[in-house]
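Single-structure report; data block below.
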Amino acid sequence: MDERAPSAEDNRRAATARLNFLTLDPVTSQDVRPPILASWVRSRLWNLPADRIMLPYVADPDLDVPLTRSAGPVLRQLHENLDGQPISLILTDRAGVVLQRLTADTELARHLDKVSLAPGFSYAEEFAGTNGIGTALEGGGPMHVFGHEHYAEDLEDLACAGVPIKHPVSGKTIGAIDLTCWRKDAGSLLMALAKTTAENIRAALLKDTSARELSLLQAYLQQSRRLGDMVIAVDDDLLLMNAMARESLDASDQRAVLGHAAELLARGATEAMVTELPSGTRVRILCRPVTTGGRAGAGVIQISPHSSGVAIRTPGSGHRPPPRPVLPGLVGHSAPWLGSSREVDNACRVGQWVVLTGERGVGKLALARGAHQQNNPAGLFHVVDAADLGDGFAAELEAELADDSAQTLVIQHVERLDPDGVDATIEALYAVLERRPAAPPWIALTLTSDAADTPDLSELLTLFPLTVEVPPLRHHIEDVRELVPYFLNQLSHGELTCGPDTMQQLTRSAWPGNTAELCQVLKQVVVRRRRTGVITPADLPARAQAVSRRSLSQLEALERDAIIRSLIANDGHKGRAAKSLGMSRATIYRKIHDYGIQPP
């Protein structure tokens, strides 16, 4: 990497290249360094604003970790040696969150505060665009960013040199060290000093943690050699996993195992636990704590198939365990969705009354219907909706419960009941338990978790021993790829399909209305298209062409829709779209980011 101090001509060339890039004019590797151009492209794909910095903030980042303990003395000594020079020393975690900043120059410190380069703020590239911290972490190697090479114009007066910090045992990136100064003061030694500092921190980590982590490594190797099971070793900044565990556990199963292990290690439990993983596999988990210097939290985890569960794939077997079946009428194979489905299925199978809670449109009623069809396909399935019946709710509920032929009853939108309706529901449920003690119907309540002015339901909920949280669509967004063709097949009888660009757009939306909103959007597309073929992003309604970040006022929604229409009319060219709307380029960039618009 070219580590010479950039000249004034270099900075002017970078400024011109940045302006051309932001206005969608051609930019080549001759105009700007290739790593910077690649970072600009990533920043554009993240739809970051170029005219201001907007960063997430962590109020109380954990500072009691090996990285900060080892880096502290190194940074303090360097800070003293710099003796008031206008250079800031910045330590971040692996996510780019600033953990520590040492700055001797008052003016520089004020400017860094202004651009939120301060403890608690994340300078990951996905939030701050091209910068020494985030781009070094993204690329996995040293990176200096000078002046106008920064994506955000708020940073163009700065020069920074960032170096990822590698863990001395695992070799994984655990943080970054960044040296930042004024652009005018940048010199060729800035990167060399950053590299030296990173290496000194790594050496301090090795000295401070070697005893503890070498003990863990030894225990891990012994366990792996002795057993044919899956073995995982964990510590603050260390995760080791043998080949059996890597090949047998998918990402969701690994997260589940680590979650159970963290709980067992935290309370020092040495007994084995048996649990079912998101894939449906039942396993036995045994944790062996490894303590050094009186500190707990590290340990070796042994995972083995449980005798009553599905056999786990072994290396070389060439197949994974069969996926958990989806309930009839339901679509999606993500772990959160299958987990909720499994809980409702089990409750229905044993006749356990259940509360299904979640945001509007997540599929609570669909889950109950699917569980009923799975376990009692010939039985009657009834729904009583408190939102639709109003004053007639109590009478309708009583009539439904009086019908002894009903096997399943869903009481929908109980958050809409008034106090009298709650009392009537409790009375009716006790009555059916008295009349049919041996074989009461399976009853499920649906409760909208984000509803306002919910009545006191505490007495009613005591009749329901199980509550299942149904996840919002944004928490299992991968299922959109199955839901879209499913809905289109129903709505257009297979005459419309979804193009890859359109599918990518749909998977990037936050879907505040969840699955119901996705279905409604596709209904609008089918009505508007009225023909066969492939759906393009331009066919989507305006609200589906933006990644929702917040609720918009009516005026903001109109402005968002106008920007989207102008971008479509101008083939995605932001400069021409801004001109047609009477906006400046900076304004349209900011509004595109604010409204989460995905330019065509």
Side-chain angles (χ1 to χ4, degrees), residues 245 248-263 273-283 285 303 309-310 312 320-349 352 354-375 410 412 444-451 464 466-487 503-504 506-519 521-522 547-549:
S248 301
L249 302 173
D250 62 20
S252 59
D253 282 355
Q254 289 177 20
R255 287 192 295 269
V257 167
L258 292 175
H260 290 307
E263 180 182 349
M273 71 174 293
V274 175
T275 187
E276 185 171 319
L277 300 178
S279 65
T281 303
R282 289 183 64 80
V283 295
I285 300 175
I303 309 105
V310 179
I312 293 183
R320 295 197 63 81
R324 190 79 176 183
V326 179
L327 294 176
L330 302 184
V331 175
H333 287 83
S334 65
W337 180 246
L338 288 181
S340 296
S341 302
R342 186 165 59 249
E343 288 188 86
V344 180
D345 182 17
N346 292 338
C348 183
R349 182 177 299 116
Q352 184 180 42
V354 62
V355 177
L356 303 178
T357 182
E359 298 175 8
R360 291 176 178 83
V362 294
K364 298 184 284 291
L365 181 61
L367 273 176
R369 181 178 286 109
H372 169 81
Q373 292 175 356
Q374 176 89 328
N375 296 286
V410 178
Q412 208 176 2
L445 300 183
T446 75
L447 175 63
T448 302
S449 58
D450 54 350
F464 293 80
L466 176 65
T467 297
V468 175
E469 180 76 31
V470 183
L473 183 55
R474 62 184 176 275
H475 291 174
H476 58 111
I477 197 69
E478 60 269 35
D479 286 338
V480 167
R481 297 188 180 277
E482 294 183 52
L483 287 165
V484 170
Y486 173 78
F487 286 141
M503 183 66 77
Q504 183 179 14
L506 293 173
T507 58
R508 296 190 66 179
S509 174
W511 297 113
N514 296 296
T515 307
E517 183 186 7
L518 173 62
C519 183
V521 163
L522 295 175
V547 178
S548 303
R549 292 187 174 88

With distance as the sole test, does [X] use its side chain to make a donor-acceptor pair with the main-chain N or O of [Y] at under 3.5 Å?
X      : Y      : result
Gln254 : Leu249 : yes
Asn514 : Pro472 : no
Ser340 : Trp337 : no

Going from [atom1] on [X] to [atom2] on [Y], what distance comes out if it is rounded to the nearest 0.5 angstrom?
X      : Y      : atom1 : atom2 : answer
Tyr486 : Leu330 : OH    : CG    : 7.5 Å
Gln374 : Arg349 : CD    : CZ    : 7.0 Å
Glu359 : Glu517 : CD    : CD    : 11.0 Å
Ile303 : His260 : CD1   : NE2   : 11.0 Å
Arg481 : Thr507 : CZ    : OG1   : 4.5 Å

Practice prompt. Kindly write out the residues that satisfy side chain to side chain donor-acceptor pair (under 3.5 Å) with Ser334, not counting sequence neighbours, or none if the list is empty.
Written response: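 Side chain to side chain donor-acceptor pair (under 3.5 Å) check on Ser334 returns Asp479.
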Item to complete: Could you tell me which residues satisfy side chain to side chain donor-acceptor pair (under 3.5 Å) with Gln352, sequence neighbours excluded, listed by chain and number?
Response: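 Testing Gln352 for side chain to side chain donor-acceptor pair (under 3.5 Å), a comparison that skips the adjacent residues, returns none.
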Residue pair [X] / [Y], side-chain heavy-atom distance below 4.5 Å:
X      : Y      : value
Arg282 : Val274 : yes
Ser341 : Leu367 : yes
Val331 : Phe487 : no
Leu473 : Leu483 : yes
Trp511 : Leu506 : yes

Fill in: Taking every non-hydrogen atom, the tightest pair across Pro485 and Met503
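Scanning both residues completely, I find the closest heavy atoms to be CD-CE, 4.2 Å.
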Discussion item. On a heavy-atom basis, which atom in Leu338 and which in His333 lie closest, and how many Å separate them?
Written reply: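 Looks like CD1-O, 3.4 Å.
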Fill in: Residues forming a side chain to side chain contact (heavy atoms under 4.5 Å, CB included) with Thr357, sequence neighbours excluded
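Thr357: side chain to side chain contact (heavy atoms under 4.5 Å, CB included) contacts with Leu447, Ser449, Thr467, Glu469.
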Discussion item. Between Leu327 and Arg369, is the side-chain contact (heavy atoms from CB on, under 4.5 Å) condition met? List the steps.
Written reply: CA-CA 9 Å; Leu327 294 176; Arg369 181 178 286 109; over 6 Å; no
